[in-house]
Every structure is written in structure tokens, then in C-alpha cells.
Amino acid sequence: MRKQIVAGNWKMNKTESESIRLIDEIKAQKLNENVNVFIAPTFVNLASAVKSTKDSGIQVAAQNMHQSSSGAYTGEISAGMLLDIGVNHVILGHSERRAYFGETDQLLNEKVQAASDAGLQIIFCFGEELDDRKSGAHFNIVKQQLSTALFDLDKSQWSQIVLAYEPVWAIGTGETASPAQAQEMHAFIRTLIEDHYDSACADGVSILYGGSVKPANADEIFAQTDVDGGLIGGASLQAADFAAIVNGFE
Ligand code: PEP
């Protein structure tokens with residue numbers, strides 16, 4: 001059975017004290033115990049988040065990392081540094097990293113390999129822009145993104161991968177892909193993996209949906225056969241909303 005996952009991407013929000021307060025508020029909520037819950041605070045708040053979530057079942061992820069293990073890369077953070085402070089998960093390929101920091105699928109392939117080699121679990125984000133969706137190119141775009149960034153991975157490395165399909169037009173816009181649109185794309189993604197690897201690999205990988213998931217729409221989206229959870233931006237900054245989304249699973 002695939003893991004059900006809800007991950008909150010806090011982006012560049014929350015000071016350290018605010019971050020700890022939000023963690024305390026989330027811990028005070030009743031959360032569906034079958035769901036793997038992640039939060040991704042900003043780099044400077046990761047260490048305190050690891051401490052604050054200890055023994056809570058909530059896991060901490062970084063929002064990015066550099067592909068090299070060390071060296072002259074001012075401002076960057078390595079996989080080893082994350083692991084050293086107890087962070088075992090990293091989000092890679094978020095559309096904001098792609099749009100504002102020029103991350104390409106070639107670069108992301110290097111980051112994924114580096115994260116995997118170091119032993120991190122990876123939440124890999126991808127998804128089409130609005131123009132791609134309008135022109136009907138969305139399936140090809142997603143295929144290209146996955147092929148370039150992930151399809152040279154060894155089958156064994158897929159146990160470290162969680163996918164997050166995030167149509168860019170739905171991120172932070174209030175516009176959500178319909179449950180049917182999400183299911184259609186998730187099923188397509190699973191078929192791609194089956195064609196490139198095998199059905200065990202395709203059936204085993206959790207595929208999250210991201211893009212304006214809220215308490216009001218989470219249950220309908222999570223009810224889709226190939227949707228295994230969500231990557232949540234805005235709504236993850238409110239403990240009650242985040243908990244309601246986690247509890248959107250039956
Ligand atoms: C995101 O940034 O990954 C995201 C899904 O944001 P939002 O939920 O705010 O659309």
C-alpha cells in the first residue's frame with residue numbers, strides 16, 4: 001500500500017519563534033494517524049523544527065539543497081548538512097525554484113542524484129504552465145520533466161522518491177485542478193513509470209497533488225485513485241486548515 005502524505009511547504013515564511021509556535025499549534029490538532037505529515041520550514045528554522053517535532057510523528061523537510069557535497073558555493077546548503085541536523089527529506093524542483101532561480105530538469109537531475117546518494121528522501125515537484133495546459137501540451141511537458149530529471153534513476157532509488165504534480169497555474173492562485181484533471185494526470189504519470197520501469201515501481205510511488213489545496217477541496221482530490229496526498233502551500237501556514245487537509249483522507 002502506498003504512503004499517504006501531506007506536506008506543508010512554508011516557503012519564505014515564519015521567523016524561528018513563529019515557526020515553533022505553528023509547530024506547537026499543529027501538534028495540538030488531531031491528525032489522521034495513517035497520514036505521513038511533513039512540514040518544510042525555511043533553512044534557518046530547520047534545526048529548531050527538528051527539535052520541536054521530536055516524537056510527534058511530524059517530519060521535517062528542506063525546501064531545496066545544492067547538488068555538490070561541499071565547496072565554494074556561497075549561500076548554499078548540502079545534503080550532508082541537512083542529514084547532520086536530522087532532516088531526512090528535501091523538496092526539489094518546486095515551480096518557484098524553477099521560475100525564480102533558473103532550475104532546469106538537467107540541474108534537478110543532479111540534485112536528485114546527490115540527494116539520493118546521500119540517503120535523503122526526495123519530494124520531486126513538476127507540472128505544466130497555463131499555456132501548456134491551454135495548448136494541450138501538458139502531458140508532453142510532464143513526460144519531459146520526469147524523463148530528464150528522474151528516468152536515469154535506478155529502480156532501487158525510487159523508494160526514495162515521492163512525486164508532487166503541481167500545475168503551475170494552480171499554485172497560489174486559488175484555482176485548483178479538478179479532481180478529474182488531477183486523477184487523469186496522476187494516472188498518466190503512473191503509466192509513464194510503469195512503461196519505463198515496471199508496475200511494482202509505478203504502484204509503489206506516492207504521487208501528491210499540489211495547487212491551492214484547501215480544507216474545502218482536499219477530500220475530493222484525495223479520494224482519487226492515483227492521488228496519494230498533497231503538497232500544500234498557503235493553507236499549510238494555518239494549523240487548523242493544515243490539520244483539516246490532513247484529515248481530508250477517509
Ligand atoms: C506550493 O507552493 O507547492 C503550493 C501548492 O502552494 P498553494 O497550496 O498555496 O497553491
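Here the structure is a predicted model, which is why all the values come from computation and not from measurement. Whatever order the structure lists them in is the order used to number ligands and atoms, beginning at 1.
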Which of the numbered atoms in ligand 1 are under 4.0 angstrom from any heavy atom belonging to [X]?
| X | answer |
| --- | --- |
| Gly234 | 7 (P), 8 (O), 9 (O) |
| Gly172 | 7 (P), 9 (O), 10 (O) |
| Gly211 | 5 (C), 10 (O) |

Backbone of Pro179 reached by a side-chain donor or acceptor of Tyr209 within 3.5 Å =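 Judged by distance alone, no pair lies under 3.5 Å.
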Side-chain donor or acceptor of Asn217 paired with backbone N/O of Ser212 under 3.5 Å = yes
Note: [X]-[Y] ion pair, threshold 4.0 Å (strictly below):
| X | Y | value |
| --- | --- | --- |
| Arg97 | Glu103 | yes |
| Lys214 | Asp241 | no |
| Asp228 | Arg190 | yes |

Check whether any N or O atom of [X], backbone or side chain, sits under 3.5 Å from an N or O atom of ligand 1, and answer yes or no.
| X | result |
| --- | --- |
| Thr173 | no |
| Lys214 | no |
| Ile171 | no |

key: Heavy atom of the protein closest to atom 1 (C) of ligand 1 (residue, atom name, distance)   =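 Checking every protein heavy atom, the shortest distance to atom 1 (C) of ligand 1 gives His94 NE2, 3.2 Å.
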query = Can you tell me if Ala170 has a non-hydrogen atom under 4.0 Å from ligand 1?
reply = yes
query = Please walk me through it: do Ile91 and Leu231 pass side-chain contact (heavy atoms from CB on, under 4.5 Å)?
reply = CA-CA 10 Å; Ile91 296 171; Leu231 181 55; 4.3 Å; yes
task = Can you figure out which of Lys11, Glu166, Gln63, Glu175 has its heavy atom closest to atom 2 (O) of ligand 1?
result =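 Of the listed residues, Lys11 has the closest heavy atom.
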message = Tell me the nearest of Gly233, Ala235, Ser236 to atom 7 (P) of ligand 1, using heavy-atom distances.
response =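 The option holding the nearest heavy atom is Gly233.
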key: Mutual orientation of the aromatic rings belonging to Phe249 and Phe222 [parallel < 30°, tilted 30-60°, perpendicular > 60°]   = parallel
